[in-house]
Amino acid sequence: MKKIAALLASALICAYSFAVEKPWLSISAETPKKFFSDVSDIMRKVYPDPQLEMTLALMLSQFGYPNFYGIDPKENFALAAFGKASAPQLFMAVKTSKDSAIYKFAEHAKLRKAEKNGWLVLQLDGNPEAIVSDYADETISAAAKSAYGLSITIRDAKKLLDSIPVPQLPQEKCALEYLENILSQTEEIKTSFGYDGNSIVNQSEFAAKEGTDTAKLINSMSIKKRVDEAAFVPQDYMITALTSLNGAAAAQSYEKMMSPIFKSLNIPENAVKSAVNMVASTTTSAGALNLQSIAQIQSVNVSESPLSLEEIVKLSESASFDLIKSTAPDSSLKAEMKNESGVNFCEITQTLLPNMPAQKIYIAKEGKYSVTAFSRESLFDAVAKIKNPPSEYPLKKYSAANANIVLIINNAQIIKKIFSIFGVDFDGKIGNTETFGYIEKNSLKFRTSIGIGIIRAYSDILRKIAEINAQNPAGTNQGAPAGK
């Protein structure tokens, strides 16, 4: 009898766990006093506006700001969304006493609520007939402690498509079906933000369900290899990306996942095969991008490749030109093999429309490295560095970062370019923004740190632009942002 009772109890527990709806979206933030103290500090450092700060204080005062008396200072508070994304059941959980301002506000506003073990769960939106206590446990569990000040988790990513209108065109329908398929293979999407007084740190994760095509693709991509190519690209461009990926292992999964979207877009089969073969030849790579002007972009990419120069050119022609030709029938491409200063390279001249200026791309193969550049000078410079590698260079610290993906944003160069548009010479010192990406089992993880000074610099530019636009509604620039 005891065994039967135990089995029945276990079955009831399992049935209950399946019956309780899980939130598709949950947001957890550290205790309100600490969280809103950090928010206020960021506002003062990034966008100092006493009026805006006073408005925030008045809005939060009814909840106990700034000290939040009665709210447990050791517990996070949380929001949880259930049901459809277009019309969610939204609840909040906070551990508080009945003497707190937020409890009294809930009573005064006649918010529907439930109480459990010192936690107050409030219904903020949704069906007015919903039983709040049914959602209490899941909402409270969303307030789990985290090393970050704010965490956002999406568990059923397909819910995000609930509010998208039904597509009419066949290509749109196919694209939506493809997106639904990818999201249905998603276990969890999570992003968190932390603040230490000097910088904001973001950590994000995309996790795929075990055994899905997405998980297989992720698991096949990772290799841990030093990106020596970082020494051969320009060291001061606006954006630099370093990658260490196992393209040969990932190519089959990539083709299987991407084939539906390729077909829906009527991409030629030759272009698809060439793109897959290019993925298969990928290992380590370094790419740098610089914006000289609105119409002039400089780009240099160096990657390890087992292919010959002729094979690289052939794949590039098919992957890019066949694709462009299918959408721009009047486009043209000319590839010419050349040798200058002892360097064998291919000069590709591509024109999208007869009246448009031609775009030149240069490709070379030096040793085991493939080099692609938008200018002959950049190509020769990269080849020269491959022949005589520098022992020390600014990007060296990133080349052995033990990450699969490293993205470096050169904020000083970007801000200098923006100021130059207004005729101002910016010579301020400002740090880079760095993102590190790691491939783990079934998941992709990214970590980014951005200094408050960097955010403040971009905020200053936006304010100056807004001031200029307000002073010159006709669009004539009579003023310019002041240099820092």
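Only this structure's heavy atoms are used, side chains among them; waters, hydrogens and symmetry mates stay out.
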| said: Go through it in stages, so that I can follow the logic: the residues are Ile42 and Tyr47, the test is side-chain contact (heavy atoms from CB on, under 4.5 Å), and I'd like the CA-CA distance, side-chain angles, deciding distance and then a yes or no. | reply: CA-CA 8 Å; Ile42 293 171; Tyr47 199 110; over 6 Å; no

| query | Can Glu180 and Leu183 be said to form a side-chain contact (heavy atoms from CB on, under 4.5 Å), step by step? | reply | CA-CA 5 Å; Glu180 287 178 341; Leu183 293 180; 5.9 Å; no

Minimum heavy-atom distance [X]-[Y], with the two atoms named:
{"X": "Lys385", "Y": "Pro390", "result": "O-CD, 4.1 Å"}
{"X": "Arg226", "Y": "Ala400", "result": "NH1-CB, 3.3 Å"}
{"X": "Ser199", "Y": "Gly451", "result": "CB-CA, 3.8 Å"}
{"X": "Ser308", "Y": "Glu311", "result": "N-OE1, 2.9 Å"}
{"X": "Gln185", "Y": "Asp213", "result": "OE1-N, 3.2 Å"}
{"X": "Ala215", "Y": "Lys209", "result": "CB-O, 3.3 Å"}

Would you check if the side chain of [X] reaches a backbone N or O of [Y] as a donor-acceptor pair within less than 3.5 Å?
{"X": "Ser244", "Y": "Ile223", "value": "yes"}
{"X": "Gln203", "Y": "Thr448", "value": "no"}
{"X": "Lys190", "Y": "Ile154", "value": "no"}
{"X": "Lys387", "Y": "Glu366", "value": "no"}
{"X": "Thr243", "Y": "Leu245", "value": "no"}
{"X": "Lys334", "Y": "Glu347", "value": "no"}
{"X": "Asn432", "Y": "Glu434", "value": "no"}
{"X": "Asp381", "Y": "Glu377", "value": "no"}
{"X": "Asn246", "Y": "Ser222", "value": "no"}
{"X": "Gln350", "Y": "Ala335", "value": "no"}

| request: State whether Glu392 and Lys396 are salt-bridged, where the test is any N-O pair (Lys NZ or Arg NE/NH1/NH2 against Asp/Glu carboxylate O) under 4.0 Å. | output: yes

| request: Answer yes or no: is there an ion pair linking Lys22 with Glu138, defined by an N-O contact shorter than 4.0 Å? | output: yes

| Is there a salt bridge (Lys or Arg N to Asp or Glu O under 4.0 Å) between Glu187 and Arg155 once you walk through the steps? | CA-CA 6 Å; Glu187 184 73 38; Arg155 294 182 180 83; over 6 Å; no

| said: If you apply the rule side-chain contact (heavy atoms from CB on, under 4.5 Å), what do you find for Lys445 with Phe436, and how did you get there? | reply: CA-CA 8 Å; Lys445 294 183 178 181; Phe436 298 89; over 6 Å; no

Measuring only between side-chain heavy atoms, which start at C-beta, is [X] closer than 4.5 Å to [Y]?
{"X": "Phe36", "Y": "Phe68", "answer": "yes"}
{"X": "Val300", "Y": "Phe232", "answer": "no"}
{"X": "Trp24", "Y": "Leu160", "answer": "yes"}
{"X": "Ile218", "Y": "Phe206", "answer": "yes"}
{"X": "Tyr237", "Y": "Gln413", "answer": "no"}
{"X": "Leu289", "Y": "Ile297", "answer": "yes"}
{"X": "Met238", "Y": "Leu291", "answer": "yes"}
{"X": "Val371", "Y": "Ile363", "answer": "no"}

How long is the straight-line distance from [atom2] of [Y] back to [atom1] of [X], given to the nearest 0.5 Å?
{"X": "Asn181", "Y": "Lys158", "atom1": "CG", "atom2": "NZ", "result": "8.5 Å"}
{"X": "Ile239", "Y": "Ile408", "atom1": "CD1", "atom2": "CD1", "result": "10.5 Å"}
{"X": "Met92", "Y": "Ile27", "atom1": "CE", "atom2": "CD1", "result": "12.0 Å"}
{"X": "Ser341", "Y": "Arg376", "atom1": "OG", "atom2": "CZ", "result": "9.5 Å"}
{"X": "Asp196", "Y": "Ser449", "atom1": "CG", "atom2": "OG", "result": "7.0 Å"}

Do the side-chain N and O atoms of [X] and [Y] include a donor-acceptor pair separated by under 3.5 angstrom?
{"X": "Glu210", "Y": "Asn442", "result": "yes"}
{"X": "Tyr65", "Y": "Ser40", "result": "yes"}
{"X": "Ser192", "Y": "Ser151", "result": "yes"}
{"X": "Asn76", "Y": "Ser28", "result": "yes"}
{"X": "Lys360", "Y": "Thr349", "result": "yes"}
{"X": "Gln292", "Y": "Asn290", "result": "yes"}

| Where do Leu25 and Thr153 land on the side-chain contact (heavy atoms from CB on, under 4.5 Å) test, with the steps shown first? | CA-CA 6 Å; Leu25 168 69; Thr153 302; over 6 Å; no

| said: So that I know where these two stand, are Tyr362 and Phe374 an aromatic pair - ring centroids less than 6.0 Å apart? | reply: no

| task | Might you work through the side chain to side chain donor-acceptor pair (under 3.5 Å) test for Thr191 and Ser204, ending with a clear yes or no? | result | CA-CA 4 Å; Thr191 186; Ser204 298; 2.9 Å; yes

| According to the interplanar angle, ranging from 0 to 90°, do the rings of Phe35 and Phe77 count as parallel (below 30°), tilted (30 to 60°) or perpendicular (above 60°)? | perpendicular

| query | Are more than 12 heavy atoms from other residues, nucleotides or ligands located less than 6.0 Å from atom NZ of Lys273? | reply | no

| Audit row: Asn411, Thr433, side chain to side chain donor-acceptor pair (under 3.5 Å) steps and yes/no | CA-CA 7 Å; Asn411 296 295; Thr433 300; 2.9 Å; yes

| request: Establish, yes or no, whether the cationic atom of Arg447 lies under 6.0 Å from the six-membered ring centre of Tyr438 and within 45° of the ring axis. | output: no

| note | When Ile455, Ile454, Ile450 are each screened for side chain to side chain contact (heavy atoms under 4.5 Å, CB included) with Ile452, the one that passes is Ile455

| field | Test salt bridge (Lys or Arg N to Asp or Glu O under 4.0 Å) applied to Lys314 and Glu310, step by step | value | CA-CA 6 Å; Lys314 185 177 180 180; Glu310 290 74 15; over 6 Å; no

